[in-house]
Amino acid sequence: MKKTNNMVVPWLLLLPATVLLAAFTHIPAVMTFINSFYRTPRGNRPARFVGMDHYSSMLSDPVFMAALKNNAIYALGTVPAAIALSMLMAIIVNSAIRGRALMRMSFFLPTVLPMIAVANIWLFFYTPGYGLIDQFLGLFGFHERNWLGDPDTVLGSLMMLAIWKEAGFFMIFYLAALQQISPTLSEAAALEGTSRWYFFRRVTFPLLMPTTLFVMINAIINSFRLIDHVIVMTRGGPDNASTLLLYYVYNVAFRFWDTAYASALTVVLLAVLALLAFVQFGVLDRKVHYK
Amino acid sequence: MNSWTGWIKGALAGVAMLGAGAAQAAPVEINFYYPVAIGGPVAKIVEDLITRFEADHPDIKVKPVYSGTYPETISKALTAYRAGQPPEVAVMLSTDMYTLIDEDAIVPFDDFVRTDEDKAWLEGFFPVFMVNSQHDGKTWGVPFQRGTTLFFWNKDAFREVGLDPEKGPQNWDEVVEFATKLTKREADGNVSRWGMQVPSSLTSYWLLQGYVAQNDGKIADETGTQTYFDSPEVVEALQYWVDLAHKHKVMKPGVIEWATNPKDFFEGRAAMITTTSGNLTNIKTNAPFPFGVQILPEHKKRGAPTSGGNAYIFNGVAPEKQAAAFQFVKWLSSPEQAAEWSIKTGYIAAREDAWATEAMKAYVAEFPGALVPHEQIPYMVPELSTHENQRISRVIDDAIEASLTGKKEPAQALSDAQKEADRILEDYRD
Amino acid sequence: MSGIEIASLNKSWATFNAVQDVSFTVEAGTLTVLLGPSGCGKSTTLRLIAGLEGATSGAIRIGGRDVTNEPPARRDLAMVFQSYALFPHLSVAENIVFGLKVRKVPAAERARRLQRAVDILGLSHLLDRKPSQLSGGQQQRVALGRAIVAEAPVCLMDEPLSNLDAQLRHEMRKEIRSIQKSLGMTMVYVTHDQIEAMSLADQVILMRNGRIEQKATPSELYLRPATSFAARFIGTPPMNLVELADGADGAVVKGTNGPALVEGRGAGLLLGVRPEEIRIASTGIVPAIVQSIDYHGADSILECLVGDQLLQVRVEGVRRHAVGDPVGLEWKPEAMHVFDRETTRRVERKVLVTADGAGEVPALRAVK
Amino acid sequence: MSAMTLSHHAREASFWRVLETGACYLLGFLWILPLFYAVWMAVHPPAYEVRFELLAPLTLQNFVDAWNAAPFARYFLNTFALITTILVCQFVICTLAAYAFARYEFPGKTVVFMLVLIQLMIMPEVLMVENYRTISRLGLVDTVLAMGLPYMASAFGIFLLRQTFLTVPKELDDAARVEGAGPLAVLLKVYVPLARPVYVAYGLVSVSYHWNNLLWPLVITNSVTTRPLTVGLQVFASPDQGVQWSVISAATLMTSAPLLIGFLLFQRQFVQSFMRAGIK
């Protein structure tokens, strides 16, 4: 009796969670993979096995290539910048500066707001000529720029927004980590005349490494996951200069209704995420922990 | 696969009921999806119309569903259709016709047109609007909120540079000539006013179509399976558009947002703009200066694209509901209602008899600008509409954006786009 | 070698005066302990000396040089923290030479000093470990090592042993004292443990509520506490303090009619006698009743009621009394300390003998 | 060191200090600026969208216009329904699963736990195409439940609660069992009360996530009666004709207001909760 009880109870406890996870994570992941080998069924054309067709057409699909490249640039641009800024913010807010509660609020506020809401606001900032950014730059004699209408600046503009939105969120994790660092460490260093930069480089930064890893993974996932601002601000344009992978999936699936091709694209996205997971757990994780 | 969804389905059956709702009442109830693409109290207008319709037809109840933008409306409608609960009637883009046919989602109107009165009603639409509503000799949708593009100019700016404020440019060369005069460069090289502005952020193919029509070309054929993106007429048309920004430097380079284009006009940062006729009311209320409005300038000839929605009746619903939906659509697009809708929203009434109603006459007398779209009707060409239209339009939009942003030469961009379109449409050719 | 002079040091925060008018001198090469209960200002004083806090007023001189406004790094001192302040990501060796690297001491010199420190501390087999892999005592040694390699003339210690168990604390205490002596360091050592203070210090500075209660050598502190607070703080169990009252012939223990113990009025005074100084004897002139007995093995603590005051008495281990027994207490005259109850200060009063009946009574000479 | 050079050092140091402090404040100001500007636009007539005049007339008309232009009241209701549903289900489902992982030994535990953790990497929106199919097979498209279903078994929640439950002393568990409490009673009487701060933290994180979520609701809803605020705002702010920025700003602020006000009132708890959720 007791033995069966011990076996049954945990599975009963896990049942709702596992059913839902299977239904909305594991089975869909597998189905995505399977469906990526079939053609999308349409009203009068049934699904048909097409093998690797979707994958090979991906290679000649300029939009996919652009999305892949954009997403790489987007991740490489936003992740380090967000990390550096959030670390800086945490250090500022953790210091003895006057009004740090206000500063903390100012840094954190963007993360509470819906991305779609702030994207609407920023859309106006980027308006050529009289948008906030051009008005501001105009004071310094810069010409107006079509920030979101120029393929050279559009991705950068979206990245700025993403950094603005996310840095405050990551700041919290750094703040938590900084507060874990004993203040006597900096006092001990102060006795030796350690410059603040040396102390940051040799002590704070290494001690923050586990947090940095955590933040980095989150930031990378977000850079593949969060596309609300693309939907609102550019819809991937101009000429796909701001199309990100998931946005392309969304477009192909829910605008073009080519769900099979969207599945193939999703498989690529999953592969990228899996690779990142591997890098995190397999390689980096071992290097950054000092305990 | 089915077994596990079935399992969850069973488990959730009770909750799913909440989503289904909808009790059966004695009158035939129909769902009406309609998009709202223009700001303003459109919902109110629609509900008003429905109330009157229901008063006329006590046996029919219409349930309006406000469904967002056009793309969202078709997404929702198709989703509902696939889930086996399509709306009876929906207003969706006329260019979505092929997509809807391919999905087997809609039924032709011909089956419902029985009486002479019905036939007269159907024949009353301007033929050009019907091109995007008919396929294979059948009528799959009827024009509902249709639009076109118009040309606006700032009379104060004209006066300032010595142009006749009452007369807009009449052809491509005049546009360049006027725009050059109107473009104001500051000493530091910064442009404080552009001569000409054409939006290009979304569905920019639509504006390109105007230039193509004026260049006596065609962007696609009417079977929905063939595009002519790389034809010389299309290339020349795009080249002209691109030249406005890059060669003549009278238009803001890069992609211009639909949303900011009228705003630029109000702010005096663009002296002449092309935009949808749907903006007439917006410009009338918000322009802080006298403005002119006219049909698009000509090149080889006059030309402008149509745009906007059709009302479609869905497949997969009970015949009596389809019949009720037909009654509703017919009533909605009859002269009085068409005129009223046009006056209240700024869309073009798609039938001549609507323009002859008293209400419309009175409105035009009060606001002559409203007549301009009507004046353009003889020159209009149907909007680009193909199978997988969303995809094809994205391909050509991308080509236009690539050219306007200087990433590709128009000829190159269009030839790439044509190749891509051929690849997509291949499956649909016999 | 540098001594330390502290003159009228004050430190206050918005609503709180942590250190008030503190002055003392630490002779070069000696060890001074700052002693007191938590919150007494001893750690703040140490941090002021280190420069980790800025003084509100007053002066700090180290080796004759005024360092009051100098940053910590220019004060030429080393410090060992209660939490050791070891960098968790650095190895033992890296931790020890951290400060030397900051000060850009050449590598060869660094190696030499590291070698010497680990030899002294017996850490040579642990050099590559991370702090989290060390025991508490080993971590403590690493922290000491960091202070040793600095070769600073002044070393500050902030309760360095409070995280260790009793056995280890005892060992480390001896070690610290021997290192301090052999290196000739000037050391200021903060602790709340009176035994640590007594066994280590050349000079003890007892603090309370931000002020110095008494500065003295350990033995002076024990023998002549300057205040009732100092009297109670030193010694286990603490000194008995009983209230005195006016008696016919002098001050008597409150609630008794005599004998008179101190000359003059007794109201407002406290009499202090250490439990270990009291004896129970047939000749005892102070009558008392045993209230409770606390058996400790080698000795027992008896709680005796004298009048309405309780006195603790330490007696040899063997159990000779029972609760309720009437006994007589006696002590030597010099074991008596008199304090003013209001000011807590020591009061010099002549100690009396009362002739309770006839016969020779042990002479209670006036102290001093 | 002479007094001269010392004061020179001090002056230089304080100069850098001031500069640095100034830079910090500048950063803080820059960060908040977009929101200030949104507020500016929202409370002034449209004519002042691009003109800064201190004495520009204040108005609430933009809010009135926005409120009337779209069924925001309904959207608010939908969002409330959505987050309540999600939160309640998440608490129940994650608590049960976390308890199983924290206090039971059973074969396959590690494998199942790894399978759960996969969801940290693969968020439901990445699988939206398949999830959409599943939902439509269940006939749940365009329901509040559909918006919440993929998020209810949250790996993050399970992980967070498991970590918390692991810190609960086994003695408390044993003590409750000795008193005769069954597994569920122990969970409810011992673990859940002790983990209360973590529930608050997780709840706040979850509420702000789902209040802000757009993509999945956008895909799965298609009517006013289910659409949450974010989707409503997206629909509202994307007409292709002229845009009134002040009205959009007003709508934007309006839809974010509950979160914004909540944050301003409970800032400390908010930040601490996020910190708590992050550390573990």
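Chain identifiers are assigned alphabetically (A, B, ...) following the order of the sequence lines, protein sequences preceding nucleic acid strands; residue numbering begins at 1 within each chain.
- The ring-ring contact (aromatic ring centres under 6.0 Å, His included) test applied to B/Phe265 returns B/Phe289, not counting sequence neighbours.
- Heavy atoms of A/Asn146 lying under 4.5 Å from chain B belong exclusively to its side chain.
- With a 6.0 Å radius and a threshold of 12 heavy atoms from other residues, nucleotides or ligands, A/Met159 has its CE atom above the threshold.
- Between atom CG of residue A/Asn240 and atom NZ of residue B/Lys407 there is a gap of 13.0 Å, rounded to the nearest 0.5 Å.
- Contacts classified as side-chain hydrogen bond (donor to acceptor under 3.5 Å, both in side chains) and involving residues 191-200 of chain B (residues at least two apart or in different chains) are given here: B/Glu160-B/Arg193, B/Glu186-B/Ser192, B/Gln197-B/Asn261, B/Gln197-B/Asp264.
- Of residues 389-401 of chain B, those residues lying under 4.5 Å from chain A by any heavy-atom pair are B/Gln390, B/Arg391, B/Arg394, B/Asp398, B/Glu401.
- Applying a 4.5 Å heavy-atom cutoff, the residues of residues 252-267 of chain A that approach chain B are A/Val252, A/Phe254, A/Arg255, A/Phe256, A/Trp257, A/Asp258, A/Tyr261.
- Neither the backbone nor the side chain of A/Val154 comes within less than 4.5 Å of any heavy atom of chain B.
- Between A/Met233 and B/Glu257, the closest heavy-atom pair is O-OE2, 3.9 Å.
- Other residues, nucleotides and ligands contribute only 12 or fewer heavy atoms inside 6.0 Å of the CZ atom of A/Phe33.
- Here the side chain of A/Asp150 pairs no donor or acceptor atom with the backbone of B/Val255 at under 3.5 angstrom.
- Chain A forms the most heavy-atom pairs under 4.5 Å with one residue out of B/Arg269, B/Glu420, B/Lys408, and that residue is B/Arg269.
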